[in-house]
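All remarks here apply to the structure that follows.
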Amino acid sequence: MSTESPAAPATPGTHKMTGKQRKAIVAGTIGNTVEWVDWALYSIFAKIIADEFFPSGNGAVALLSTLAVFAVGFVMRPVGAAVLGVYADRHGRKKGMTLTVGLMAGAAFVIALTPSYQTIGVLSPLVLLLARLVQGFSAGGEFGSSSAFLVESAAVGRRAFAGSWQQVSVAGGVLIASLLGTITTSALSDAALHAWGWRLAFVVGGLLGLVGLWLRVSVEDTQSFTRAQGEGRTRSNPLRAMFVEHPGAALRVAGITVAGTLTYYIWVNYLPTYANLTTGIPLSKALLSQTLCLIVFVVLLPFVGLLSDRLGRKPTMAVFAGGFTLLAWPLLHLLGGSFLSLFLVQLVGMLLILGYSANCAVIMAEQFPAEIRATGIALPYALAVALFGGTAPYLTTWMHESGHSDLLWLYVAGASLISFLVYVTMPETKNKEFH
């Protein structure tokens, strides 16, 4: 166990990161990355999981059932956000993050080892459902704890830069999952992939989760939390304090999230499967396109965070939401069966999402004081994600199966317009006092 003191803010007026701050950000980022590998693998292997865990005979019904389990996992995210957010505000960011990564890794091992429907019948989808509920519970608490931890570990004037690493870690987890998907779908036969290849990917994800657990045990808590604890500012009921004392900030967090989570889950998580369904492009090529775009996305995220620290949260987020409001229709109508068309659509969308992903952790953290920060970030965010992110793959697949794929752009543009209005009317928090 490390004996170092908690990560502390730099001297006021400076923007340099101390060694302790860098260590805290690295540990927080890597731990979050490996947790999101486990979460993202499910959507990447959705079609194969449909074949393994549900009755054969109707591929579309099986896939919709698999995506319904995906969406139900999001129902637990607000529950996890409320329970684990309160836990992190009362007992520390470190303990909260350690618990979430342990739950996520354990559920990944369960999914990997659960026998197929052909072997144990209805127990198979039931175990799958329970594992996804645990992962949803874990993911619900993860965002609030890790966002608070990273932003509280930042140097003065570098809060967006530090917070952007939360989304670097999320995208990094999706990237690793995408690489696992690309390698297994390209290297294995269809029979081998269904028999054991996809399970091996989940085992790797679970093992990486244990690495994240080790990293989180070795890091100290933030000075913001320890100061609040030392001054007696921690609350016995952070959830009630959020609703009673900061209702406007909680609503603002939900509004900030609407377009970000919808576009993220369509473009970053589900577009390869959607393109495979609607255009017939091979899944291996679709995953390769996703992997290349994610590399660009991950590399650019911290730089957009630095841009936000210089220009402000409002302009960088407004570009994201305004861009999708205007470009949703042409982007989705350009989606074709060629690798180039999919790559360009994915790349433009991910470049726009940078404006949201680089800002979401910091702008949510800046809405609340330390004693309720993890809860204040986690619960409104999880509610918005459950409504708009968790249902996105199911709705897009349902639109395709019912012949309404041409209306998806309207859903994306409408959600983006809502968030755009929130962004341009909210107060700028770049220079807000932070404790």
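Note that the numbering runs from 1 along the sequence shown for the chain.
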Heavy-atom neighbours of Lys95 NZ exceed 12 at 6.0 Å:
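12 or below, so no.
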Tell me, yes or no, whether the heavy-atom count around Lys285 atom NZ, taken from other residues, nucleotides or ligands under 6.0 Å, exceeds 12.
no
Just do the salt bridge (charged side-chain N to carboxylate O under 4.0 Å, His left out) check on Glu231 and Arg233 with the steps written out, would you?
CA-CA 6 Å; Glu231 295 173 355; Arg233 289 190 284 114; 2.8 Å; yes
Side chain [X], main chain [Y], donor-acceptor under 3.5 Å:
{"X": "Tyr423", "Y": "Pro315", "result": "no"}
{"X": "Gln167", "Y": "Ala358", "result": "no"}
{"X": "Ser186", "Y": "Ile183", "result": "no"}
{"X": "Thr316", "Y": "Gly312", "result": "yes"}
{"X": "Arg77", "Y": "Ala382", "result": "no"}
{"X": "Arg159", "Y": "Val151", "result": "no"}
{"X": "Arg216", "Y": "Met97", "result": "yes"}
{"X": "Asn359", "Y": "Gly355", "result": "yes"}
{"X": "Asp221", "Y": "Thr226", "result": "no"}
{"X": "Ser164", "Y": "Gly305", "result": "no"}

If I take atom [atom1] from residue [X] and atom [atom2] from residue [Y], how far apart are they, to the nearest 0.5 angstrom?
{"X": "Leu408", "Y": "Leu262", "atom1": "CG", "atom2": "CG", "answer": "8.0 Å"}
{"X": "Leu193", "Y": "Leu283", "atom1": "CG", "atom2": "CG", "answer": "9.0 Å"}
{"X": "Leu207", "Y": "Phe109", "atom1": "CG", "atom2": "CZ", "answer": "4.0 Å"}
{"X": "Ser357", "Y": "Phe297", "atom1": "OG", "atom2": "CZ", "answer": "3.5 Å"}
{"X": "Leu271", "Y": "Thr263", "atom1": "CG", "atom2": "OG1", "answer": "11.5 Å"}
{"X": "Ile363", "Y": "Met317", "atom1": "CD1", "atom2": "CE", "answer": "5.0 Å"}

Side chains of [X] and [Y]: does their closest heavy-atom pair fall under 4.5 Å?
{"X": "Phe388", "Y": "Tyr411", "answer": "yes"}
{"X": "Phe137", "Y": "Val79", "answer": "yes"}
{"X": "Leu215", "Y": "Val26", "answer": "no"}
{"X": "Arg252", "Y": "Pro427", "answer": "yes"}
{"X": "Val345", "Y": "Trp267", "answer": "yes"}
{"X": "Pro380", "Y": "Thr257", "answer": "no"}
{"X": "Thr114", "Y": "Ser124", "answer": "yes"}
{"X": "Arg313", "Y": "Lys432", "answer": "no"}

[X] and [Y]: which non-hydrogen atoms are nearest, and at how many Å?
{"X": "Val86", "Y": "Pro238", "answer": "CG1-CD, 3.8 Å"}
{"X": "Ala384", "Y": "Ala254", "answer": "CB-O, 3.7 Å"}
{"X": "Leu103", "Y": "Ser138", "answer": "CB-CB, 3.9 Å"}
{"X": "Phe324", "Y": "Gly349", "answer": "CZ-O, 3.5 Å"}
{"X": "Ala378", "Y": "Gly140", "answer": "CB-O, 3.8 Å"}
{"X": "Ser153", "Y": "Thr222", "answer": "OG-CG2, 3.7 Å"}

Test side chain to side chain contact (heavy atoms under 4.5 Å, CB included) on Arg132 and Ile111 and set out the steps.
CA-CA 8 Å; Arg132 284 300 290 181; Ile111 293 173; 4.2 Å; yes
Test applied, side-chain contact (heavy atoms from CB on, under 4.5 Å); reference residue, Phe143; option that passes from Ile377, Val170, Val385:
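Of the listed options, the one satisfying the test is Ile377.
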Give me the one residue out of Asp89, Thr375, Leu379, Thr100 that meets side-chain contact (heavy atoms from CB on, under 4.5 Å) with Leu84.
Thr100
Decide whether [X] and [Y] meet the rule of one side-chain donor and one side-chain acceptor closer than 3.5 Å.
{"X": "Glu152", "Y": "Ser224", "value": "no"}
{"X": "Arg93", "Y": "Ser145", "value": "no"}
{"X": "Thr119", "Y": "Ser116", "value": "yes"}

Go through Val127 and Val110 one step at a time and tell me if the side chain to side chain contact (heavy atoms under 4.5 Å, CB included) criterion holds.
CA-CA 8 Å; Val127 173; Val110 169; 3.7 Å; yes
Could you go through Val219 and Phe149, starting from their C-alpha distance and side-chain angles, then the distance that decides it, and tell me whether this counts as side chain to side chain contact (heavy atoms under 4.5 Å, CB included)?
CA-CA 11 Å; Val219 74; Phe149 179 82; 3.9 Å; yes
Give the intermediate values and the outcome of side chain to side chain contact (heavy atoms under 4.5 Å, CB included) for residues Gln367 and Thr429.
CA-CA 8 Å; Gln367 306 300 315; Thr429 55; 3.9 Å; yes
Which word best sums up how the rings of [X] and [Y] line up, parallel for under 30°, tilted for 30 to 60°, or perpendicular for over 60°?
{"X": "Trp329", "Y": "Trp409", "result": "perpendicular"}
{"X": "His91", "Y": "Tyr87", "result": "tilted"}
{"X": "Tyr356", "Y": "Phe320", "result": "tilted"}

